Amino acid sequence: MAAQPKPRIKVPKEAKAGEVVSIKTLISHEMESGQRKDKDGKVIPRKIINKFACEFNGTPVFSCDIDPAISANPYFEFSAKLTESGTFKFTWIDDDGAIYTDEQKITVN
Amino acid sequence: MKRLSVLLLVSVASISGLAVMAYADPVDDTLTIDDREMIIRAKAPKGHPFDEVLSGWLFRESETRATEADSFANPGMLAVERGEELWNTVDGSMGKSCSSCHNDASATMKDVGAHFPKWDAKARKPVNIEMKINDCRTERMGAEPYKFDAEEQVALTTYIKHQSLGTPVQIDLSEGEMQSWWEKGKELYYTRTGQLDFSCASCHEKSMGKFIRADHLSQGQVNGFPTYRFNTAGMVSLHNRFRGCIRDTRAEMPKAFSDELMALEVYVTWRGTGLSVETPAVRQ
């Protein structure tokens, strides 16, 4: 998975007001822990996604700090109860400063 | 005011469960991926040592089984997406990508992966998808062949085999000299090797269903390769797995795509006749 990290999101397209919707996210990332050594005995530098956040129309839904024990391709699943239509915004922050984002719209009836 | 509440969070999971039983039957369960039911139990072909062939999925922990059943949670699908990118990427001196000739893989590669390895009349030996890709790259694209287990090779193979998801494995032994390669593969399967003096059959036939330490021994079917393994948090190709098994018996490992391993691939693929292609399967 040496390629550029790529997020995958699964959010229902529609929901009823007050319904609990399940949100699934996954991003391809090697999550190099910083504790491994290469063939020459040199430490392979740490490179992980250290923060993940999800907001809905600007309101935080879920966020977390991530530490090196988290395995490759981190997967998060959480739920939210919505009362209006809007956009989920997802953000992953990499150790090297890179920010990966994705958005997903949902219509609430 | 916006009302929004977070109800539940289920965090990252790749926890390997510990086996508690010394012997356990494969589970009685069904596997449905993207609304398509997989064939995970099939009547064995004539001459097979078992009555029924069983997918390795039936031998895994419930969390592992659930991960494969959900094509979103399945991290192997990342390799499928990567493979799709490669399929459409121009490479080599002739300015072609896979799709320049083969167009849309979901049509042209549908069910193709279920019938490999195949007899190659020109090479006078059976070839698998990895070799077929390299053949295309060198002969038609003017590109460098992928090195064994290059990230691109595994991803593209996974993508191509995934186009056969659900299709039963069926190889044609009547073509060319496939039958004699099958015989050779069978001989290798039953030959004890290495310091531990194990043959493939020691674990996957005689001890199928038993535990080797915490590992529940399956029939060693190959219908889900390339497979996502939690063990390495990455994709594992078939010849990588063959070599891993042989290494574990503390024997000399044949090279990937060598005649030995191709013969073994022919024979072992036949042993899984009738099972659905599960690529990318998820295993421990």
Side-chain angles (χ1 to χ4, degrees), chain A residues 1-12 17-33 36 48-49 52-86 88 106 108, chain B residues 1-16 34 63-64 66-89 146-147 149-156 158-159 226-237 280 282 284:
Chain A
M1 305 290 161
Q4 170 74 7
K6 213 163 104 184
R8 305 178 75 202
I9 311 281
K10 199 171 181 182
V11 174
E19 187 189 338
V20 177
V21 295
S22 170
I23 299 144
K24 294 177 179 179
T25 74
L26 185 119
I27 187 164
S28 60
H29 197 281
E30 70 269 38
M31 298 294 278
E32 187 57 58
S33 70
R36 296 198 307 162
I48 65 168
I49 288 178
F52 168 70
C54 167
E55 44 182 58
F56 182 71
N57 291 348
T59 309
V61 177
F62 170 66
S63 74
C64 64
D65 292 341
I66 308 175
D67 287 299
I70 301 301
S71 48
N73 312 322
Y75 171 80
F76 291 98
E77 181 177 340
F78 47 93
S79 317
K81 205 196 266 183
L82 307 176
T83 52
E84 60 181 25
S85 301
F88 282 105
I106 182 166
V108 174
Chain B
M1 202 184 136
K2 288 166 207 155
R3 282 202 55 156
L4 188 78
S5 52
V6 177
L7 294 175
L8 177 68
L9 98 92
V10 181
S11 188
V12 184
S14 89
I15 307 156
S16 56
D34 294 338
E63 296 87 345
T64 309
T67 308
E68 181 175 331
D70 179 351
S71 64
F72 181 84
N74 181 350
M77 291 304 289
L78 293 165
V80 172
E81 287 175 8
R82 170 78 177 129
E84 186 175 6
E85 256 171 51
L86 291 163
W87 179 266
N88 295 306
T89 304
Y146 289 137
K147 289 208 173 74
D149 263 358
E151 182 259 339
E152 294 91 339
Q153 180 180 66
V154 180
L156 197 51
T158 306
Y159 175 63
T227 289
Y228 184 86
R229 290 196 70 192
F230 288 118
N231 176 333
T232 49
M235 298 303 294
V236 174
S237 67
V282 178
Q284 80 287 19

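Values in this document were obtained by computation on a predicted structure and should not be read as measured data. The figures that follow rest on heavy atoms only: side chains count, while hydrogens, waters and symmetry mates do not.
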Atom [atom1] of [X] and atom [atom2] of [Y]: how far apart are they, to the nearest 0.5 Å?
| X | Y | atom1 | atom2 | answer |
| --- | --- | --- | --- | --- |
| A:Y75 | B:T67 | OH | OG1 | 8.0 Å |
| A:Q4 | B:E85 | CD | CD | 10.0 Å |
| A:R8 | B:E81 | CZ | CD | 4.5 Å |

Problem - Contacts of A:E32 that satisfy salt bridge (Lys or Arg N to Asp or Glu O under 4.0 Å) - sequence neighbours left out - result: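 Salt bridge (Lys or Arg N to Asp or Glu O under 4.0 Å) check on A:E32 returns A:R36.
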
Problem - Partners meeting salt bridge (Lys or Arg N to Asp or Glu O under 4.0 Å) with A:D65 (sequence neighbours left out) - result: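 Counting only residues at least two positions away or on another chain, A:D65 forms a salt bridge (Lys or Arg N to Asp or Glu O under 4.0 Å) with A:K51.
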
Exercise for the section: Please state whether the side chain, the backbone, both or neither of A:S22 comes within less than 4.5 Å of a heavy atom of chain B. Expected result: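 For A:S22, there is no contact with chain B at all, as no heavy atom is under 4.5 Å.
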
Practice task
Begin from the C-alpha positions of A:K24 and B:D70 and carry the test side chain to side chain contact (heavy atoms under 4.5 Å, CB included) through to its verdict.
Solution key: CA-CA 11 Å; A:K24 294 177 179 179; B:D70 179 351; 2.9 Å; yes

Practice task
Might you point out which heavy atoms bring A:N73 and B:Y228 nearest each other, and give the distance in Å?
Solution key: ND2-OH, 3.6 Å

Problem - Segment of B:A73 engaging chain A (4.5 angstrom heavy-atom cut-off) - result: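 When you check distances to chain A, atoms from both the backbone and side chain of B:A73 fall under 4.5 Å.
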
